Amino acid sequence: MDNTKPWVLIPTALRTHALGHISVWYSAGYNVGLFVDNDAYIDEDVRGYSHLLVAAEYPGVWKAWNILAKAAIGLGAQVCVLAGDDMDPDEHWSGPKIMAEYIGHFPILDGVMQPCGDPQGKDANGVPAAARICGSPWVGQEWIERAYLGRGPVNSDYNAFYADEELLHYATRRGKLWMRPELVQFHHHWSFGHLPRQDYHERNQLTWQQDKDLFEARQKAGFP
């Protein structure tokens, strides 16, 4: 792999839609790291796009991101993008160009950069979903190694929700957040009408209240 390129880290069950998105990241100049549920079928096309492939029992998106980030750093990664398997990279800027801007802004690789130009999911105030959370953030080596007492770039105490919202607040409080409305990492999320809702979305919903309670407690404590 070429570590002058950023790494995109994607947990996936490799449903039909995933490979198409993975190939777009690859073509846009990213090293690709995948966390694949060990029950999923891994074909040769997937292996061809993968610079890092972890196949294990799926631990949830936050833990999978942390595992992939630590593994990528072990392979020499400088900058990683934490993405879903239903997301695409910005179609106008290559991965290495965006990475150079990240390094220019965070020269010791210790910040969080969130492309937030995806216009979908606007709230009552007209703020899109991508600007309310860090749902597809760029993070550097120093952030990955030091955030959350060294556990990884995101708080993996959550089940399926709120870690991306906490990351926005957590990075903001540390003066390490850079929001980029001119960058679009388009999210083909089921709630925006792009894909059918899957059975695992239903299962995840069962943990929403628990995650909300944890978020509110941590918010009250100042996200320690």
Side-chain angles (χ1 to χ4, degrees), residues 6-15 18 21-22 25 30-42 46 50-75 77 79-87 109-114 133-171 174 176 185 187 189-190 198-219 221 223-224:
W7 284 72
V8 61
L9 307 178
I10 303 175
T12 181
L14 286 181
R15 286 168 170 78
H21 298 291
I22 291 165
W25 288 97
Y30 294 78
N31 296 317
V32 176
L34 301 176
F35 192 111
V36 181
D37 188 274
N38 58 10
D39 291 332
Y41 174 69
I42 303 171
V46 171
S50 305
H51 301 85
L52 166 66
L53 182 60
V54 177
E57 182 177 355
Y58 188 64
V61 61
W62 319 124
K63 289 184 175 70
W65 270 351
N66 283 351
I67 290 167
L68 284 172
K70 293 285 189 175
I73 292 299
L75 293 174
V79 179
C80 299
V81 190
L82 311 180
D85 68 356
D86 55 358
M87 294 178 178
L109 310 180
D110 64 339
V112 175
M113 182 182 79
Q114 175 60 50
I133 60 174
C134 288
S136 54
W138 291 59
V139 291
Q141 176 185 357
E142 185 76 1
W143 181 271
I144 291 168
E145 292 182 337
R146 292 177 61 87
Y148 293 107
L149 301 178
R151 289 193 297 155
V154 297
N155 185 351
S156 58
D157 290 339
Y158 295 96
N159 296 291
F161 303 97
Y162 282 99
D164 45 11
E165 186 168 349
E166 169 167 327
L167 184 59
L168 183 145
H169 295 282
Y170 182 81
R174 284 149 184 79
K176 295 296 181 180
Q185 292 178 170
H187 195 179
H189 196 265
W190 69 266
Q198 303 293 327
D199 55 356
Y200 62 86
H201 295 135
E202 301 289 348
R203 292 194 300 273
N204 287 346
Q205 199 63 38
L206 299 175
T207 69
W208 182 83
Q209 188 62 51
Q210 180 182 355
D211 285 346
K212 181 175 185 288
D213 291 344
L214 175 59
F215 175 81
E216 290 178 346
R218 287 185 51 75
Q219 185 178 45
F223 298 106

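Residue numbers count from 1 along this sequence. Since the structure is predicted, the reported quantities are computational estimates derived from the model, not experimental observations.
- L34 and S50 make their closest contact through CD1-OG, 3.2 Å (heavy atoms, listed as atom of the first residue, atom of the second, distance).
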* In sequence, state the C-alpha distance, the side-chain angles, and the governing distance for L9 and V81, and then conclude on side chain to side chain contact (heavy atoms under 4.5 Å, CB included). => CA-CA 6 Å; L9 307 178; V81 190; over 6 Å; no

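- Rounding to the nearest 0.5 Å places OH of Y162 at 10.5 Å from OG1 of T207.
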* For the pair D86 and H187, evaluate side-chain hydrogen bond (donor to acceptor under 3.5 Å, both in side chains) and give the outcome as yes or no after the intermediate values. => CA-CA 6 Å; D86 55 358; H187 195 179; 3.0 Å; yes

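- When all heavy atoms of V112 and P137 are compared, the closest pair comes out as CG1-CB, 3.8 Å.
- For K70, there are no side-chain hydrogen bond (donor to acceptor under 3.5 Å, both in side chains) partners, not counting sequence neighbours.
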* Show your working on salt bridge (charged side-chain N to carboxylate O under 4.0 Å, His left out) between R151 and D157 and close with a plain yes or no. => CA-CA 10 Å; R151 289 193 297 155; D157 290 339; 3.1 Å; yes

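- Atom CD1 of I144 sits about 4.0 Å away from atom CD1 of I73, to the nearest 0.5 Å.
- Across every non-hydrogen atom of P59 and A64, the tightest pair is CG-N, 3.8 Å.
- Here the closest non-hydrogen pair linking A72 and C80 is CB-SG, 4.1 Å.
- Applying the salt bridge (charged side-chain N to carboxylate O under 4.0 Å, His left out) criterion to R146, with sequence neighbours excluded, gives E142.
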* Go through W25 and I10 one step at a time and tell me if the side chain to side chain contact (heavy atoms under 4.5 Å, CB included) criterion holds. => CA-CA 10 Å; W25 288 97; I10 303 175; 4.0 Å; yes

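- Residues that satisfy the side-chain hydrogen bond (donor to acceptor under 3.5 Å, both in side chains) test with N159, not counting sequence neighbours, are Q210, D211.
- Side-chain atoms of Y30 do not come within 3.5 Å of backbone N or O of G33 as any donor-acceptor pair.
- Using a distance-only test at 3.5 Å, with no hydrogens or angles considered, no donor-acceptor pair links the side chain of W7 to the main chain of A69.
- The backbone N or O of A163 lies less than 3.5 Å from no partner atom in the side chain of W62, so there is not a single donor-acceptor pair.
- The heavy-atom pair separating V36 from L53 by the smallest distance is CG2-CD1, 3.5 Å.
- With rounding to the nearest 0.5 Å, the separation of CG in D110 from CD in Q141 is 11.0 Å.
- Applying the ring-ring contact (aromatic ring centres under 6.0 Å, His included) test between F215 and each of W208, F223, F161 identifies F223 as the sole match.
- K63 contributes a side-chain N or O that, together with a main-chain N or O of S156, makes up a donor-acceptor pair within less than 3.5 Å.
- Taken from CG in L75 to NE2 in H51, the straight-line distance is 10.5 Å, to the nearest 0.5 Å.
- Q219 is linked by a side-chain hydrogen bond (donor to acceptor under 3.5 Å, both in side chains) to nothing, counting only residues two or more places apart in sequence or in another chain.
- Of all the heavy atoms in W65 and G84, the pair that sits closest is CZ2-N, 4.5 Å.
- L68 has its side chain within reach of L52: a pair of non-hydrogen atoms, C-beta onward, lies under 4.5 Å apart.
- Under the side-chain hydrogen bond (donor to acceptor under 3.5 Å, both in side chains) criterion, Q185 pairs with S136, W138, sequence neighbours left out.
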Please tabulate, for side-chain N and O atoms in residues 164-171, each donor-acceptor pair with protein atoms closer than 3.5 Å (sequence neighbours left out).
residue : atom : partner : partner atom : Å
E166    : OE1  : Y158    : OH           : 2.5
E166    : OE1  : R218    : NE           : 2.9
E166    : OE2  : Y148    : OH           : 2.8
E166    : OE2  : N155    : ND2          : 3.3
E166    : OE2  : R218    : NE           : 3.2
E166    : OE2  : R218    : NH2          : 2.9
Y170    : OH   : Y148    : N            : 3.0

